[in-house]
**Q** 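Before I ask anything, let me first share the structure, which is written out below as structure tokens.
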Amino acid sequence: MKMNRSEILNELIEISIMISSISNLNNLLDIILKKARDITRADAGSLYLKENDKLIFLITQNDSVKEINSKLKTFVLNMDKRSIAGYVAITKKILNIKDVYKISRDFPFSFNDEFDKKNNYRTKSMLTVPMIDNEKNIIGVLQLINSKDDSGRIIVFSKQTEKIIESFASISAVAIKNVQLKENIKKAHLETIYRLSVAAEYKDMDTGSHIKRISKYSELLARKLKMDDHFCELILYASPLHDIGKLGIPDAILTKPAKLNADEWEIMKKHTTMGYEILSGSNEELIKFASSIALNHHEKFDGTGYPNNLSGENIPIEGRIVAIVDVFDALSTKRPYKAPWPLDKILKEIEDQKFKHFDGKLVDIFLSNIDEFLKIRKEYEN
Ligand code: C2E
Ligand code: SIN
Ligand code: SIN
Ligand code: FE
């Protein structure tokens, strides 16, 4: 499979475009390894990613030992020169070994034959390539095993292959780094939202566990409703913000250990529209979704709720979901103004509010899965 320079370039450009469009890290790693094996005609291969000072063995593919492809456990290598992958990560140089069972004792590394023994495999030629990004950082290591010629015989990886795989590895490194950056930003973003929700809650409750329960209950009810994964993730992360508008409610009202008077109640109800105003200016899908929950979680199915007296399916589904889990949680726990209710009374109340306060369809789904909600209640008790 000799390719000329422009064919090689075209192939690399195509691969580069393809892999930079993948946003899921596991899919990306799978495809990188698959492509690397295609390019080098390798029977098998593995991919390691650098994490702190370690190399994490993440995936392996092997055409001859099919069953290992999915079930092999991840393991961790120290970044030192005793392993082949560690040596390549440290030296940042490609290593092309003709036969791993004949590695000279002058080298600090040796071949670990555990896999071969276990699977009755014979690793022979091995090309180990550092994945180095545009800032010269090592991102990971690609290890390609047993290059085959047209007749299927195992041969040593060629010099030309070394050059191509070197470019490919750096394209891959940049793609991996970008996906990792995006995932880190998403994580930081979600954590910020979560921590702000907890901070807001400290005003009228002792702990952040109410937030965690609402979040988990909402996701569970959405799943039981068969909403899609994207919706379930949105509601998991957006529902903690449902009462963010309480930041604007005076403490004297929020923590009053008794029933609110009419004036206080008018102010209290504003936590829905205040929450909406805080969140609705955002262009972020998650924050917009949270603004809908803040606005609609006290609407009632029969139209007697607030702030807009919406009824039935005019209330967005996320509002109907949070309405039921919010009341379940309020009744289950102590509030400054009320003691917790016993479970049978709570369930009776929810059943009684079918098609009054709550969407009847959601009540049925909630009650028929009550064990799973109670499991969350127990897990996030305090
Ligand atoms: P919250 O304490 O998180 O309660 C959420 C919802 O749970 C309430 O929304 C209500 O639908 C339900 N709920 C809570 N306690 C009871 C109860 O004893 N009986 C029944 N049947 N349902 C209950 P709601 O009523 O729109 O209240 C919104 C927020 O206003 C409450 O959030 C709480 O922060 C505040 N609030 C409501 N009533 C009082 C009160 O009498 N005193 C004080 N200090 N705050 C109140
Ligand atoms: C290493 O890179 O040394 C670990 C895996 C192997 O030896 O095949
Ligand atoms: C959905 O939006 O698909 C849930 C059905 C509903 O609106 O009740
Ligand atoms: Fe509320």
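In this chain, residues are counted from 1 in sequence order. Order of listing sets the numbers, starting from 1, for every ligand and every atom in it.
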**Q** Do His242 and Asp326 have side-chain heavy atoms sitting under 4.5 Å apart?
**A** yes

**Q** Check this for me, if you would: do Lys34 and Asp38 make a salt bridge, where the nitrogen-to-carboxylate-oxygen distance has to be below 4.0 angstrom?
**A** yes

**Q** Counting heavy atoms only, which part of Pro257 comes closer than 4.0 Å to ligand 1: side chain, backbone, both or neither?
**A** neither

**Q** Report the member of Arg335, His297, Gln353, Lys269 with the shortest heavy-atom distance to atom 1 (P) of ligand 1.
**A** Arg335

**Q** Measure the distances from the heavy atoms of His357 to every atom of ligand 1 and state whether one is below 4.0 angstrom.
**A** yes

**Q** Check ligand 1 against Met268 and write out every atom of the ligand that is under 4.0 Å from a heavy-atom position of the residue.
**A** 29 (C), 30 (O), 33 (C), 34 (O), 35 (C)

**Q** For Asn120, look at atom CG and say whether over 12 heavy atoms of other residues, nucleotides or ligands are found less than 6.0 Å away.
**A** no

**Q** Looking at Asp352 and Lys348, is any side-chain nitrogen of the basic one under 4.0 Å from a carboxylate oxygen of the acidic one?
**A** yes

**Q** Any atoms of ligand 1 less than 4.0 Å from a non-hydrogen atom of Lys338? List them with their elements.
**A** 15 (N), 16 (C), 18 (O)

**Q** Polar contacts were defined as any N/O atom of the residue lying under 3.5 Å from an N/O atom of the ligand; does this apply to Tyr337 and ligand 1?
**A** yes

**Q** Counting only heavy atoms from other residues, nucleotides and ligands, does the tally under 6.0 Å from NZ of Lys81 exceed 12?
**A** no

**Q** Just distances here: any N/O of Trp265 and N/O of ligand 1 closer than 3.5 Å?
**A** no

**Q** Quick check for you: within a radius under 2.8 Å, how many protein N, O or S atoms neighbour the Fe ion (ligand 4)?
**A** 4

**Q** What atoms of ligand 1 come within less than 4.0 Å of a heavy atom belonging to Lys246?
**A** 3 (O), 32 (O), 34 (O)

**Q** For ligand 1, which atoms have a heavy atom of Asp326 less than 4.0 angstrom away?
**A** 5 (C)

**Q** Heavy atoms only: which of Ala258, Ala330, Ala252, Ala323 is nearest to atom 7 (O) of ligand 1?
**A** Ala330

**Q** Only heavy atoms of Val327, strictly under 4.0 Å: list the atoms of ligand 1 that pass.
**A** 7 (O), 11 (O), 12 (C)

**Q** Can you establish whether the number of heavy atoms outside Glu266 located under 6.0 Å from its atom CD is more than 12?
**A** yes

**Q** Do any heavy atoms of Asp329 fall under 4.0 Å from ligand 1?
**A** no

**Q** Counting each atom of ligand 1 from 1 as listed, which ones have a heavy atom of Glu349 under 4.0 Å away?
**A** 21 (N)

**Q** Is it true that atom CZ of Phe107 has more than 12 heavy atoms of other residues, nucleotides or ligands lying nearer than 6.0 Å?
**A** no

**Q** With heavy atoms only and a cut-off of under 4.0 Å, state how Lys256 meets ligand 1: side chain, backbone, both or neither.
**A** both

**Q** So, regarding Thr255 and ligand 1 (criterion: nitrogen or oxygen to nitrogen or oxygen, under 3.5 Å), is there a contact or not?
**A** no

**Q** Before accepting this row, confirm whether a basic side-chain N of the pair Glu162/Lys159 lies closer than 4.0 Å to the acidic partner's carboxylate O.
**A** yes

**Q** Look at ligand 1 and say whether Gly305 reaches it with a heavy atom at a distance under 4.0 Å.
**A** no

**Q** Do NZ/NE/NH1/NH2 and the carboxylate oxygens of Glu372 and Arg223 come within less than 4.0 Å?
**A** no

**Q** What atoms of ligand 1 come closer than 4.0 angstrom to any heavy atom of Leu331?
**A** 16 (C), 17 (C), 19 (N), 20 (C), 22 (N), 23 (C)

**Q** Is it true that, when you exclude Arg122 itself, more than 12 heavy atoms of the residues, nucleotides or ligands shown sit nearer than 6.0 Å to its CZ?
**A** yes

**Q** Would you say Gln143's side chain and Thr60's backbone share a donor-acceptor pair under 3.5 angstrom?
**A** no

**Q** For atom 9 (O) of ligand 1, which candidate among His298, Lys259, Lys300 holds the nearest heavy atom?
**A** His298

**Q** Are any of the side-chain nitrogens in Asp302 or Lys300 under 4.0 Å away from the carboxylate oxygens of its partner?
**A** no

**Q** Between the side chains of Tyr121 and Asp43, is a donor N or O closer than 3.5 angstrom to an acceptor N or O?
**A** yes

**Q** Would Phe358 and Phe366 count as a ring-ring contact (aromatic ring centres under 6.0 Å, His included) if you check the C-alpha gap in whole Å, the side-chain angles of each, and the deciding distance to 0.1 Å?
**A** CA-CA 11 Å; Phe358 308 123; Phe366 178 81; 8.5 Å; no

**Q** Which of the numbered atoms in ligand 1 are below 4.0 angstrom from a heavy atom of Ile253?
**A** 44 (N)

**Q** Less than 4.0 angstrom from a charged side-chain N to a carboxylate O is my criterion; do Arg41 and Asp149 meet it?
**A** no

